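These figures come from a predicted structure and were not determined experimentally. The sequence lines fix the lettering, A, B, ..., with proteins before strands; numbering per chain opens at 1.
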Protein chains: 2
Amino acid sequence: MTQSNPPFMSGVPELLLLRLLDQSEMYGYELVRSIRAATGEAISLGEGVIYPVLHSLERSGSLKSKRMAVSGRTRVYYSLTGKGRQRLGKLQDDWRRIQGGIANALEVPSHA
Amino acid sequence: MTQSNPPFMSGVPELLLLRLLDQSEMYGYELVRSIRAATGEAISLGEGVIYPVLHSLERSGSLKSKRMAVSGRTRVYYSLTGKGRQRLGKLQDDWRRIQGGIANALEVPSHA
DNA sequence: GACGATACCTCGAACAACAAGGTATGTCAA
DNA sequence: TTGACATACCTTGTTGTTCGAGGTATCGTC
């Protein structure tokens, strides 16, 4: 009976994925490297993070996928749905809110 | 065997606590409300988060505590040690890094 | 003498993020 | 041709943070 809320800082991988996919269609393996690049190496998420999030995002209707064979290998390309764009908006707002809150707490002058 | 790193976004409660305690000595119950206030209501951490973090911070030598009786009730006041100030510096840098990385990823123009 | 605020604390569950592995194909060089 | 490395997909088990809910005790006040 312990109806717990998600941790207040979670969902950043989700946010990054949605954001990148809002710019262009991509496949999982590509996204792993894109996240590293887009964040200036600050954030590096492995396949063990990316694939499950991608799947859950698709299951919840935020993403749609299409498989494509490219030079013998199969790629699964993901793109945003309307719901996904909505979700992206929400996560962006959430992020701005908590980011702002922390900035607020940090910018108060030191004890000096 | 699976020597896992801490989640890349963790340690924000720790950061907030150290930051507030760098400004002034405080006790746990007070910190719960201070965090809400300092972040402009954006972040609200319960006692179930605060106390354990406080204890682990003390165990690791970042904080020191002193108990004080104030009008019949016991308060445990925490303050930073040198090590704690060092720790605060590190966490602040980490935060700026990941915050900047995300900002970078988000500010790229929309697919439009 | 019951209620709400203060003040401390711990427990168990939930869950995100993690490393490590496993499958299979392509390329290139030894 | 075989071995190594990159591409490309995936799942599993573990960890560790965070969470709500509870539990204790004192104080004021109604």
Side-chain angles (χ1 to χ4, degrees), chain A residues 1-18 25-36 39 42-60 63 65-78 91 94-95 98 102, chain B residues 1-17 25-36 39 42-60 63 65-78 91 94-95 98 101-102:
Chain A
M1 225 358 58
T2 332
Q3 226 270 83
S4 195
N5 282 331
F8 75 106
M9 289 277 296
S10 71
V12 170
E14 198 184 333
L15 169 60
L16 292 172
L17 285 178
L18 288 173
E25 210 170 71
M26 281 179 162
Y27 57 99
Y29 194 75
E30 190 183 8
L31 281 160
V32 172
R33 286 168 302 178
S34 287
I35 285 183
R36 220 183 337 243
T39 61
I43 296 173
S44 185
L45 300 174
E47 300 173 43
V49 175
I50 297 304
Y51 287 115
V53 175
L54 246 15
H55 298 156
S56 104
L57 243 16
E58 185 175 21
R59 244 179 293 124
S60 70
L63 296 181
S65 68
K66 61 174 181 236
R67 339 190 100 247
M68 287 183 64
V70 177
S71 66
R73 284 192 210 81
T74 302
R75 293 178 179 171
V76 184
Y77 279 87
Y78 291 91
L91 286 178
D94 287 354
W95 171 253
I98 81 109
I102 294 176
Chain B
M1 186 56 66
T2 333
Q3 225 269 85
S4 195
N5 283 331
F8 74 104
M9 289 278 296
S10 72
V12 171
E14 198 184 333
L15 170 59
L16 292 172
L17 286 179
E25 210 170 72
M26 281 179 162
Y27 57 100
Y29 194 76
E30 190 183 7
L31 282 160
V32 171
R33 286 168 302 176
S34 287
I35 285 183
R36 219 180 340 239
T39 61
I43 296 173
S44 184
L45 301 174
E47 301 173 43
V49 175
I50 297 305
Y51 287 115
V53 175
L54 246 16
H55 297 157
S56 102
L57 244 14
E58 185 175 20
R59 246 179 292 121
S60 70
L63 295 181
S65 69
K66 62 175 180 234
R67 335 191 102 247
M68 287 183 64
V70 177
S71 68
R73 284 192 212 82
T74 302
R75 294 178 179 170
V76 184
Y77 279 89
Y78 292 91
L91 286 177
D94 287 354
W95 172 252
I98 81 110
I102 294 176

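Across every non-hydrogen atom of A/V53 and A/E14, the tightest pair is CG1-CA, 4.1 Å. In terms of heavy-atom proximity, A/F8 sits nearest to A/I98 at O-CG2, 4.5 Å. Across all non-hydrogen atoms, the minimal contact from B/G101 to A/A42 is CA-CB, 3.9 Å. The two atoms that bring B/G28 and B/L54 nearest to each other are CA-CD2, 3.9 Å, heavy atoms only. The shortest heavy-atom contact between B/L45 and B/P13 is CD1-CB, 3.8 Å. Across all non-hydrogen atoms, the minimal contact from B/E47 to B/P52 is O-CD, 3.7 Å.
Distance B/M68 CE to C/dC8 C1': 16 Å, rounded to the nearest Å. Taking atom CG of residue B/L17 and atom C1' of nucleotide D/dT18, one finds them 13 Å apart after rounding to whole Å. Computed from coordinates, the B/R59 CZ to C/dC9 P distance equals 12 Å when rounded to whole Å. Going from atom CD1 of A/I43 over to atom C1' of C/dC18 covers 15 Å, rounded to whole Å. The CZ-C1' distance, from A/F8 to C/dA16, rounds to 13 Å in whole Å. A straight line from CG of B/L45 to C1' of D/dC19 spans 10 Å, rounded to a whole angstrom. Protein atom OH of B/Y78 is 8 Å distant from nucleotide atom P of C/dC8, rounded to whole Å.
Each of B/P7 and A/E30 has a nearest nucleotide on DNA chain D; the 5'-most of these lies closest to A/E30.
Residue contacts shown for A/G46 are absent, as no nucleic acid heavy atom lies under 4.0 Å away. The residue A/E47 sits close to a base: some heavy atom pair falls under 4.0 Å. The residue A/V70 sits apart from the nucleic acid: no heavy atom pair falls under 4.0 Å.
For the segment residues 49-57 of chain A, residues with any heavy atom less than 4.0 angstrom from an atom of DNA chain D are, sorted by number, A/Y51, A/H55.
Annotation: the terminal axes of the helix from C/dG1-D/dC30 to C/dA30-D/dT1 meet at 0°, where each axis is the rotation carrying the C1' atoms of four end pairs onto the next four (5 pairs per end, rounded to 10°).
Note on A/E30 versus A/R75: no salt bridge recorded, every NZ/NE/NH1/NH2 to OD/OE distance being 4.0 Å or above.
Dashed line: the shortest gap from a side-chain N or O of A/N5 to OP1 or OP2 of D/dT18 is not under 4.0 Å.
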Do any N or O atoms of the protein come closer than 3.5 Å to N or O atoms of nucleotides 1-6 of chain C, and which pairs are they?
from: C/dT6; atom 1: O2; to: B/R73; atom 2: NE; distance (Å): 3.0

